[in-house]
*Asks:* 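Pasting in a structure now, in structure tokens, and then I'll have a few things to ask.
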Amino acid sequence: MSYSPLAVLDDLRIPVVRVHLRDTWGAWSPLHRKIVVATGLSAAQELCVLAHEVEHALADDLGCGVGLNAAHPLALPQERRADLLAARKLIAISDLAAIAQWADDVRTAADELGVTERMLRVRLHDLNGEGWPWPATLKTAG
């Protein structure tokens, strides 16, 4: 059985509100006990956003990166923690190992797993990339 952040949110009685957002894909509002998700996301994007925001709710975080920290939300420890825990729940090592047998790149693997490339890279980085056919980080030109 695969991980369902919507089922977790249902158990927690936390509603998901879908609205047009210009600068983010989702946010946790502890004041309103709601998760806001951008409309127009792909299924993989929405799944990953919900999994990430669930981790904020479970940790009783005071919200996502806000104020001066909003420009660099991944610099915040709570953002890194939410990504890491979401990636661990969304991507089982057994599924990753099975796909690694035939997928040629991260994009193909992420598509098969039903997650974003970014979430797959978070998971690969968590595993130190050891033994996986794709790098955990993007290589830059130059």
Side-chain angles (χ1 to χ4, degrees), residues 1-140:
M1 181 176 183
S2 61
Y3 174 67
S4 171
L6 280 174
V8 174
L9 290 169
D10 189 47
D11 288 346
L12 295 172
R13 292 188 170 91
I14 296 174
V16 175
V17 179
R18 289 171 179 79
V19 298
H20 172 74
L21 297 172
R22 293 182 322 161
D23 58 355
T24 189
W25 286 359
W28 157 241
S29 173
L31 178 63
H32 300 101
R33 292 210 35 91
K34 291 181 182 177
I35 290 178
V36 178
V37 176
T39 56
L41 299 180
S42 71
Q45 290 168 332
E46 184 168 312
L47 176 69
C48 292
V49 168
L50 287 172
H52 173 96
E53 300 306 336
V54 162
E55 295 306 322
H56 284 307
L58 291 172
D60 288 327
D61 286 338
L62 297 177
C64 296
V66 294
L68 295 175
N69 294 323
H72 301 287
L74 293 180
L76 296 171
Q78 71 183 23
E79 294 300 320
R80 289 192 304 268
R81 183 198 68 238
D83 270 351
L84 178 61
L85 295 175
R88 286 176 179 173
K89 290 176 180 177
L90 289 170
I91 306 167
I93 292 175
S94 56
D95 294 338
L96 186 57
I99 290 166
Q101 300 301 310
W102 60 267
D104 293 329
D105 55 41
V106 171
R107 177 176 294 159
T108 303
D111 285 347
E112 185 65 24
L113 290 164
V115 298
T116 61
E117 289 180 48
R118 184 179 171 289
M119 192 59 73
L120 178 52
R121 289 185 192 286
V122 168
R123 186 66 167 124
L124 290 170
H125 184 72
D126 178 38
L127 299 169
N128 295 318
E130 296 176 16
W132 306 110
W134 329 282
T137 57
L138 291 172
K139 293 185 179 182
T140 57

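These numbers were taken from a predicted model, which means no experiment stands behind them.
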*Asks:* Test Ile35 against Val49 for side-chain contact (heavy atoms from CB on, under 4.5 Å), laying out the working first.
*Replies:* CA-CA 10 Å; Ile35 290 178; Val49 168; 5.8 Å; no
*Asks:* About how many Å separate CD1 of Ile91 and CG of Leu120, when rounded to the nearest 0.5 Å?
*Replies:* 5.0 Å
*Asks:* Nearest 0.5 Å, please: how far is CG in Leu58 from CG in Leu9?
*Replies:*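 So the CG of Leu9 and the CG of Leu58 are separated by 8.0 Å.
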*Asks:* Working to the nearest 0.5 angstrom, can you tell me the gap between Arg88 CZ and Asp83 CG?
*Replies:*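 Result: 12.0 Å between the selected atoms.
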*Asks:* Are more than 12 heavy atoms from other residues, nucleotides or ligands located less than 6.0 Å from atom NZ of Lys89?
*Replies:*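 Yes, because the 6.0 Å sphere around NZ of Lys89 holds more than 12 heavy atoms from other groups.
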*Asks:* Throw together a table of side-chain donor-acceptor distances under 3.5 angstrom for residues 10-23, partners on residues two or more places apart or in other chains.
*Replies:*
from, atom 1, to, atom 2, distance (Å)
Arg18, NE, Glu46, OE1, 3.4
Arg18, NE, Glu46, OE2, 3.2
Arg18, NH2, Glu46, OE2, 2.6

*Asks:* I need the minimum non-hydrogen distance between Leu90 and Ala51, along with the two atoms involved.
*Replies:* CD1-CB, 3.6 Å
*Asks:* First locate atom CD of Glu79, then atom NE2 of His52, and finally report the distance between them rounded to the nearest 0.5 Å.
*Replies:*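 Going from the CD atom of Glu79 to the NE2 atom of His52 covers 4.0 Å.
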*Asks:* Quick one: does Asp60's side chain get under 4.5 Å of Pro30's, heavy atoms only?
*Replies:*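 They are not in side-chain contact.
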*Asks:* Taking side chain as C-beta onward, heavy atoms only, is Arg118 less than 4.5 Å from Arg121?
*Replies:* no
*Asks:* Give, for atom OG of Ser2 and atom CG of Leu113, the distance between the pair rounded to the nearest 0.5 Å.
*Replies:*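 These two atoms lie 11.0 Å from each other.
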*Asks:* Got a second to check how far Leu62's CG is from Ser29's OG, nearest 0.5 Å?
*Replies:*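 Those atoms lie 11.0 Å apart.
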*Asks:* Scan residues 91-114 for pairs that pass side-chain hydrogen bond (donor to acceptor under 3.5 Å, both in side chains), counting only residues two or more places apart or in two chains.
*Replies:*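 Residue pairs passing side-chain hydrogen bond (donor to acceptor under 3.5 Å, both in side chains), neighbours aside: Asp105-Thr108, Arg107-Glu117.
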*Asks:* Measure across Pro5 and Leu47 and return the closest heavy-atom pair with its distance rounded to 0.1 Å.
*Replies:* CD-CD1, 3.6 Å
*Asks:* So which atom in Ala86 and which in Met119 form the shortest heavy-atom distance, rounded to 0.1 Å?
*Replies:*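 Closest approach of Ala86 to Met119: CB-CE, 4.1 Å.
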*Asks:* Kindly indicate, with the supporting measurements, whether the criterion salt bridge (charged side-chain N to carboxylate O under 4.0 Å, His left out) is fulfilled by Asp126 and Arg123.
*Replies:* CA-CA 5 Å; Asp126 178 38; Arg123 186 66 167 124; 2.8 Å; yes
*Asks:* Does the Trp28 side chain pair with the main chain of Asp61, one donor and one acceptor, at a distance under 3.5 Å?
*Replies:*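 Pair found, side chain donor or acceptor close to backbone of Asp61.
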